[in-house]
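One structure is given below, encoded as structure tokens.
Being a predicted model, the structure only gives us computed values, none of them experimental. The chains referred to below are lettered A, B, ... by the order of the sequence lines, with proteins before strands, and numbering in each begins at 1.
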4 protein chains.
Amino acid sequence: MTQPPATAPSKSATPFRRRLYTVIFEADTRAGKLFDEVLIAAILLSLAVVVLDSVEAVSARHTQTLTVLEWGFTLLFTAEYLARLWCAPNPWGYARSFFGVVDLLAISPTYLALFFPELHALIDVRVLRLIRVFRVFKLTHYLAEFTHLGKALQASVRKILVFLTVVLMVVLVMGTLMYVVEGPANGYTSIPVGVYWAITTVTTVGFGDITPKTDLGRALASVMMLMGWGVLAVPTGIVTAEMVGHRAAPGRVTTRSCTHCLAEGLAAEDRYCRHCGTALPEYLRDPGH
Amino acid sequence: MTQPPATAPSKSATPFRRRLYTVIFEADTRAGKLFDEVLIAAILLSLAVVVLDSVEAVSARHTQTLTVLEWGFTLLFTAEYLARLWCAPNPWGYARSFFGVVDLLAISPTYLALFFPELHALIDVRVLRLIRVFRVFKLTHYLAEFTHLGKALQASVRKILVFLTVVLMVVLVMGTLMYVVEGPANGYTSIPVGVYWAITTVTTVGFGDITPKTDLGRALASVMMLMGWGVLAVPTGIVTAEMVGHRAAPGRVTTRSCTHCLAEGLAAEDRYCRHCGTALPEYLRDPGH
Amino acid sequence: MTQPPATAPSKSATPFRRRLYTVIFEADTRAGKLFDEVLIAAILLSLAVVVLDSVEAVSARHTQTLTVLEWGFTLLFTAEYLARLWCAPNPWGYARSFFGVVDLLAISPTYLALFFPELHALIDVRVLRLIRVFRVFKLTHYLAEFTHLGKALQASVRKILVFLTVVLMVVLVMGTLMYVVEGPANGYTSIPVGVYWAITTVTTVGFGDITPKTDLGRALASVMMLMGWGVLAVPTGIVTAEMVGHRAAPGRVTTRSCTHCLAEGLAAEDRYCRHCGTALPEYLRDPGH
Amino acid sequence: MTQPPATAPSKSATPFRRRLYTVIFEADTRAGKLFDEVLIAAILLSLAVVVLDSVEAVSARHTQTLTVLEWGFTLLFTAEYLARLWCAPNPWGYARSFFGVVDLLAISPTYLALFFPELHALIDVRVLRLIRVFRVFKLTHYLAEFTHLGKALQASVRKILVFLTVVLMVVLVMGTLMYVVEGPANGYTSIPVGVYWAITTVTTVGFGDITPKTDLGRALASVMMLMGWGVLAVPTGIVTAEMVGHRAAPGRVTTRSCTHCLAEGLAAEDRYCRHCGTALPEYLRDPGH
């Protein structure tokens with residue numbers, strides 16, 4: 001997916017800059033495709049380095065290799081960031097966009113650690129690693145299909161939010177109830193802990209780090225589990241109904257439009273426009289359908 | 001949502017009382033909307049205070065702040081309760097309604113603790129906190145959308161109840177079986193404990209506080225898990241089928257038919273018959289739809 | 001639900017026996033309904049006694065009360081069993097039917113414990129309790145609605161069985177793989193234990209009594225969990241599709257049959273029988289539909 | 001399911017070899033069916049032997065019986081493998097096919113252990129057992145119905161893969177976040193461990209071997225669980241929508257139309273047009289359907 005808000009660089013741009021723009025921001029040329037593929041590979045490899053770096057057994061033995069690789073990826077991403085800034089028609093707009101911030105975050109930890117070595121004393125190394133992991137968001141450039149799936153879900157989001165509100169109410173009351181029934185002696189040391197346990201139970205995760213010990217607590221937990229089970233069906237039902245609807249729709253709707261009033265959404269078997277009454281010519285469909 | 005059973009105060013009511021009624025019980029005026037928003041914020045904040053109060057680390061350091069806030073909210077809710085009582089056309093009816101009881105419960109714990117300090121010796125502080133948490137039900141005033149979702153589910157409730165009965169039978173027999181097979185030595189100290197474990201397993205929560213240790217017990221547990229997995233599909237199927245049906249219905253069906261060729265199944269917004277091209281009279285629908 | 005295979009007692013039966021038959025085996029008279037309600041209550045109460053009897057804290061304090069109640073229910077169910085045997089037109093057939101066996105099992109443990117007190121030395125008390133819990137199956141007499149739900153599921157059973165076979169294959173291979181990777185040192189002491197763990201994981205129960213400790217084991221477990229998650233959707237999909245179909249079907253299928261060839265299953269809008277070509281009279285439907 | 005790519009042996013083959021081919025590779029003759037049934041039983045029994053062999057309590061007491069049985073099955077499967085090789089028209093093609101490799105793997109461990117006894121010092125016995133368990137794949141010969149189910153799922157696979165990519169991104173970021181928040185002190189020793197925990201949580205498995213201990217960690221975990229719950233609905237929705245679509249399709253559509261009035265949508269079994277009553281010619285379908 002190319003940067004949507006960026007208009008092509010103005011004609012006054014140098015030919016090289018214009019060509020670079022095509023390579024970096026678009027994906028339809030061969031060079032543009034290659035650029036994308038190299039970048040995806042670099043992102044995945046750099047993520048692997050970050051992840052492996054956190055495993056003590058690996059980082060202790062391969063400190064140098066990992067440092068070299070990290071610097072390689074940082075320099076590559078820096079070059080990419082500068083190139084994007086340079087050839088974007090509106091560099092400041094790019095820098096402030098979601099992708100611009102992610103691209104900057106992707107390179108900053110390594111430079112921060114270099115220029116402010118005393119940072120290590122203040123910030124945990126793990127925080128720097130966390131920032132580096134955000135590189136995964138660079139991949140969202142390429143997830144056009146995800147946006148498609150997301151749109152299909154958007155219609156359900158509102159219903160699911162209402163549903164979540166109700167779940168939160170139930171979970172708050174049940175968590176407090178368990179806090180009263182079981183008490184701190186059995187691990188339910190406060191209402192937030194009770195709510196955490198209730199969420200654990202209703203979602204059927206069931207870690208088991210805190211569990212009811214008294215008979216009344218177990219009875220309440222049983223009710224919650226059975227309830228949560230039935231309730232689990234609701235978001236599934238919402239999303240499925242939405243998806244079945246989406247699937248069914250394309251079959252009913254065609255791109256047929258009235259020759260007179262240009263109204264769209266006519267069914268293939270209609271003989272007259274349902275909006276203006278004009279007799280319609282026969283609707284021809286690709287036999288592949 | 002305004003109080004449904006309350007009819008507007010009679011004309012003999014003072015203008016101020018009438019205006020207060022509009023503000024408190026209705027939400028269509030600007031003052032009424034503001035009142036609702038302030039109240040929702042107050043409820044959420046007061047819940048936060050109750051929850052934080054139960055966290056020892058917080059309550060130890062900020063005892064005074066929390067007490068002051070608690071009293072502030074109690075006084076606010078008391079004022080609201082009295083105002084509702086005063087301007088409701090039928091005060092006694094309001095006091096006995098679900099919302100009236102919730103509104104009273106929301107303020108009672110603080111006064112109880114003040115007037116009967118010796119209560120603390122009898123009742124656990126946690127019980128008072130539990131009652132305060134019931135303030136969350138004050139929010140149901142504003143959950144009109146939930147009633148909508150609830151109605152869509154109501155049709156499935158009966159089927160789910162039959163289903164739950166069967167699950168309870170299975171769980172009772174399996175719990176007893178595990179109690180026989182594993183015995184008290186492995187944690188299955190009584191039939192209720194066995195049933196609690198069986199519910200834990202069938203709902204896929206799986207706390208792991210009690211687990212089968214013998215080979216036969218594990219084999220039985222495996223059967224239960226696979227069974228529970230297939231059975232998990234049933235409530236989901238029931239709810240989803242209901243929701244798909246609900247979605248499909250409104251779009252598909254009107255009883256509208258062409259005045260000329262009597263073709264049926266026309267959509268409410270069609271202006272010409274899609275079968276014979278006759279101009280259709282406007283389609284009138286019950287405003288209740 | 002009355003005993004389906006039992007034909008009404010022959011006319012030579014005494015009037016009393018015939019009346020008793022109506023009361024016990026049928027539910028349409030007032031006395032029959034009352035009999036059913038009393039029996040359901042007795043079954044539920046007797047189950048409560050069995051369950052409470054297994055809780056040591058209760059059974060130790062109320063030994064006598066529980067024994068008296070147990071004997072009361074046993075005598076009641078004995079009377080019921082004998083009455084059913086006496087007034088059934090085919091006593092031997094009833095005795096060998098599922099309900100006859102359940103009714104006998106429901107009373108036998110108490111008599112066994114009385115007549116063969118030395119049994120206690122041989123059989124665990126828990127086994128006797130288990131047999132008593134089978135009384136819950138007496139309730140299936142009254143679960144007509146369950147049969148309805150069951151029929152709707154029957155169509156999916158075959159598909160779910162095929163699906164289960166595949167799951168069992170996956171679980172066997174994955175369980176063995178984990179047994180190789182993790183080994184007895186980490187709790188995977190044999191292939192059956194590995195399979196038990198794999199079932200625990202794929203069904204998302206996740207007790208946590210056995211968990212992978214090595215990196216490779218955790219990676220494999222992660223793959224299994226994600227796989228199990230996607231696969232979880234399959235039985236749900238099967239059952240839901242079946243239920244959506246059932247819901248949709250009644251709208252399409254009518255009880256209309258051809259006046260000439262008596263073929264059934266014609267659609268309401270058909271003008272000629274699709275089996276013999278006879279012109280059909282207009283299909284009249286109840287306006288309630 | 002017979003070996004699909006194998007064409008029948010050429011006419012120059014001896015009659016015995018041709019008959020053997022029919023028995024082994026086809027299932028429509030009586031001998032062929034018997035052969036299949038015996039082989040399925042042998043596979044299941046041999047799997048039982050492998051599984052029992054891994055249970056120390058059993059293998060210690062019945063070493064000899066298990067060894068004899070193992071050799072019996074190995075010789076049987078060797079005979080089957082050689083017979084398949086001998087009578088297959090293209091032996092080398094069979095040997096390199098999936099089934100050929102599985103059939104070879106099924107017999108190799110026993111011979112390996114015999115001819116290279118020093119292997120035991122190098123390879124764990126458990127690895128040999130693992131290879132033997134692969135015998136379960138010999139059953140795929142007979143799972144024609146599974147391919148049917150698989151095809152119905154294939155359409156959803158792409159969508160589920162996109163969905164899994166997003167889940168992996170979320171899980172990587174959340175796992176790192178927990179690694180930062182909880183730290184090695186609470187068991188989150190590295191990013192891979194954090195990711196393992198995140199997968200455990202999002203899929204609602206919830207082993208509980210690693211659990212958040214800090215308040216912030218528990219809050220994050222709660223958000224993840226609720227999110228995972230809603231998200232759990234997506235693959236279910238995808239698969240169900242696909243299955244509902246598949247169910248609806250076969251019943252609705254044939255391309256058959258009336259020879260007289262050209263009405264479409266007739267069912268394959270109709271004998272007269274349901275619109276004009278014309279007798280229909282027999283409907284011929286591709287036997288592949």
Side-chain angles (χ1 to χ4, degrees), chain A residues 47 50-59 124 126-127 129-130 132-134 136-137 139-140 143 145-146 148-150 152-153 156 160 163-164 167-168 171 192-193 195-196 199-200 202-210 232 234-248 251, chain D residues 158-159 161-163 165-166 168-170 172-173 175-177 179-181 183-184 188-195 200-213 215 218-219 221-234 236-242 244-245 248 264:
Chain A
L47 285 173
V50 174
V51 167
L52 284 176
D53 196 26
S54 80
V55 184
E56 222 160 293
V58 176
S59 69
D124 201 329
R126 287 178 293 150
V127 175
R129 269 188 207 127
L130 174 63
R132 271 189 225 143
V133 158
F134 286 156
V136 82
F137 291 125
L139 288 174
T140 47
L143 274 178
E145 259 174 317
F146 174 52
H148 186 70
L149 194 71
L153 286 179
S156 324
I160 289 185
F163 173 70
L164 267 189
V167 167
L168 285 179
V171 152
V193 170
V195 170
Y196 161 74
I199 291 176
T200 287
V202 161
T203 57
T204 79
V205 171
F207 282 132
D209 49 349
I210 306 164
L232 186 71
V234 175
T236 309
I238 292 172
V239 172
T240 305
E242 203 60 43
M243 288 194 169
V244 170
H246 270 255
R247 248 190 79 92
Chain D
R158 217 185 125 68
K159 276 184 201 164
L161 279 185
V162 172
F163 173 71
T165 312
V166 178
L168 285 179
M169 283 173 61
V170 171
L172 177 61
V173 171
T176 311
L177 214 62
Y179 163 69
V180 172
V181 168
Y188 296 78
T189 49
S190 66
I191 294 182
V193 170
V195 170
T200 287
T201 304
V202 161
T203 56
T204 78
V205 171
F207 282 131
D209 49 349
I210 307 164
T211 48
K213 299 281 185 297
D215 290 341
R218 285 181 171 173
S222 299
V223 170
M224 275 191 75
M225 287 185 254
L226 287 173
M227 206 175 62
W229 203 29
V231 165
L232 185 72
V234 175
T236 310
I238 293 171
V239 173
T240 306
E242 203 60 44
V244 170
E264 292 185 339

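- Considering only heavy atoms from C-beta on, A/Val51 comes within 4.5 Å of D/Pro192 through its side chain.
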Steps toward side chain to side chain contact (heavy atoms under 4.5 Å, CB included) verdict (D/Thr201, A/Phe207): CA-CA 8 Å; D/Thr201 304; A/Phe207 282 132; 3.4 Å; yes

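- Among D/Gly183, D/Gly194, D/Ala219, the residue making the largest number of heavy-atom pairs under 4.5 Å with chain A is D/Gly183.
- Of the two parts of D/Thr189, only the backbone, made up of N, CA, C and O, holds a non-hydrogen atom closer than 4.5 Å to a non-hydrogen atom of chain A.
- Interface remark: A/Ser59 contributes no atoms to any contact with chain D (heavy atom separation under 4.5 Å).
- Interatomic distance, D/Met224 CE to A/Thr203 OG1, rounded to the nearest 0.5 Å: 11.0 Å.
- Contacts of A/Asp209 classified as side-chain hydrogen bond (donor to acceptor under 3.5 Å, both in side chains), with partners at least two apart in sequence or in another chain: A/Tyr196.
- Applying the side-chain contact (heavy atoms from CB on, under 4.5 Å) criterion to A/Val136, with sequence neighbours excluded, gives A/Leu47, A/Leu139, D/Met169, D/Leu172, D/Val173.
- By the 4.5 Å heavy-atom criterion applied to side chains, A/Val193 and D/Arg218 are counted as neighbours.
- When each of A/Asp53, A/Thr236, A/Val50, A/Val205 is scored by its heavy-atom pairs under 4.5 Å with chain D, the top score falls to A/Val205.
- Remark: the backbone N or O of D/Ile191 is paired with a side-chain donor or acceptor of A/Ser54 at under 3.5 angstrom.
- Under the 4.5 Å side-chain criterion, counting only non-hydrogen atoms from C-beta, A/Leu168 is in contact with D/Leu226.
- For chain D, no part of A/Val195 is nearby; none of its heavy atoms comes within less than 4.5 Å.
- Of all the listed residues (D/Thr204, D/Thr211, D/Val202), the one sharing the greatest number of non-hydrogen pairs under 4.5 Å with chain A is D/Thr204.
- For chain D, the nearby part of A/Leu164 is the side chain; its heavy atoms alone come within less than 4.5 Å.
- Looking at D/Tyr179, both its backbone and its side chain come within 4.5 Å of chain A, counting heavy atoms on both sides.
- No part of A/Val171 comes within reach of chain D, as not one of its non-hydrogen atoms sits under 4.5 angstrom from that chain.
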